[in-house]
Amino acid sequence: NYLPNKKVVLVEDVVTTGKSIMKTIDAIHRNEGKVVKVVSLWNRGGISSVYDVPIKSLINEFVPSYYGKDCPMCIRNEPIFDIKSNSYLT
């Protein structure tokens, strides 16, 4: 193990649901480390902690996430531009 009794600060780029943070904390705990804080650039999910570990972020701005069937723009048949593919989704 690389982490016995080590304190760890977890660094994330964007926090949305906290699921990836949970998985990472679980892996660190399995390797006997202790996460003492999570820091991120942008917290878009409005989450203040995971497993009682505080999250501190440079930007705290809630941005809702939707599944396709619940997306307001999809329901209104508005075009959605995907910046990754540089095209409109169909």
Side-chain angles (χ1 to χ4, degrees):
N1 286 338
Y2 298 104
L3 300 173
N5 303 314
K6 300 283 185 178
K7 292 181 180 177
V8 177
V9 174
L10 179 58
V11 180
E12 274 279 6
D13 54 354
V14 178
V15 176
T16 303
T17 65
K19 288 181 184 178
S20 64
I21 294 171
M22 285 182 190
K23 290 178 183 179
T24 305
I25 289 174
D26 289 342
I28 291 168
H29 286 172
R30 282 193 305 274
N31 286 279
E32 301 175 15
K34 176 174 175 49
V35 179
V36 294
K37 184 183 286 187
V38 176
V39 295
S40 72
L41 294 174
W42 183 15
N43 184 342
R44 59 176 268 174
I47 301 165
S48 61
S49 66
V50 173
Y51 294 146
D52 293 325
V53 176
I55 299 174
K56 301 294 181 191
S57 303
L58 184 62
I59 300 168
N60 290 289
E61 183 177 338
F62 179 74
V63 177
S65 297
Y66 303 101
Y67 290 103
K69 62 182 176 58
D70 299 322
C71 167
M73 291 177 68
C74 299
I75 292 169
R76 294 189 302 265
N77 290 321
E78 294 179 16
I80 299 174
F81 191 77
D82 178 18
I83 59 172
K84 290 181 182 177
S85 66
N86 198 31
S87 62
Y88 285 95
L89 300 175
T90 56

Can you check whether Thr17 reaches Ser65 side chain to side chain, under 4.5 Å on heavy atoms? no
Applying side chain to side chain contact (heavy atoms under 4.5 Å, CB included), run through Leu3 and Glu32 and close with a yes or a no. CA-CA 6 Å; Leu3 300 173; Glu32 301 175 15; 5.6 Å; no
Margin query: For the CG atom on Asp82, are there more than 12 heavy atoms of other groups (residues, nucleotides or ligands in this structure) within a distance under 6.0 Å?
Written below: yes
Checklist entry - With hydrophobic residues grouped by side-chain heavy-atom distances under 4.5 Å, do Ile55 and Tyr51 end up in a single group? => result yes
Grouping I, L, V, M, F, W and Y whenever their side-chain heavy atoms are under 4.5 Å apart, do Val9 and Ile47 come out in a common cluster? no
Here the gap from Asn60 atom CG to Trp42 atom CH2, rounded to the nearest 0.5 Å, amounts to 11.0 Å
So CG of Leu58 and CG of Asn43: to nearest 0.5 Å the spacing works out to 11.5 Å
Here the pair of heavy atoms bringing Gly46 nearest to Phe62 is N-CD1, 4.2 Å
From the list Val38, Val39, Leu41, side-chain contact (heavy atoms from CB on, under 4.5 Å) with Val11 holds only for Val39
Exactly one of Val35, Asp26, Val50 clears side-chain contact (heavy atoms from CB on, under 4.5 Å) with Ile21, and that residue is Val50
Rounded to the nearest 0.5 Å, the CD1 atom of Ile25 sits from the NZ atom of Lys34 at a distance of 10.0 Å
In short, Pro79 meets Tyr88 closest at the heavy-atom pair CB-CD2, 3.7 Å
Closest non-hydrogen contact found for Glu12 with Ser20 is OE2-OG, 3.1 Å
Closest non-hydrogen atoms of Pro54 and Ser49, given as atom of the first, atom of the second and distance, are CA-CB, 4.1 Å
Check for me, please, whether Val53 and Met22 land in the same ILVMFWY cluster - side-chain distances under 4.5 Å, paths through other members count. yes
OG (Ser87) and CD1 (Ile80) are apart, to the nearest 0.5 Å, by 12.0 Å
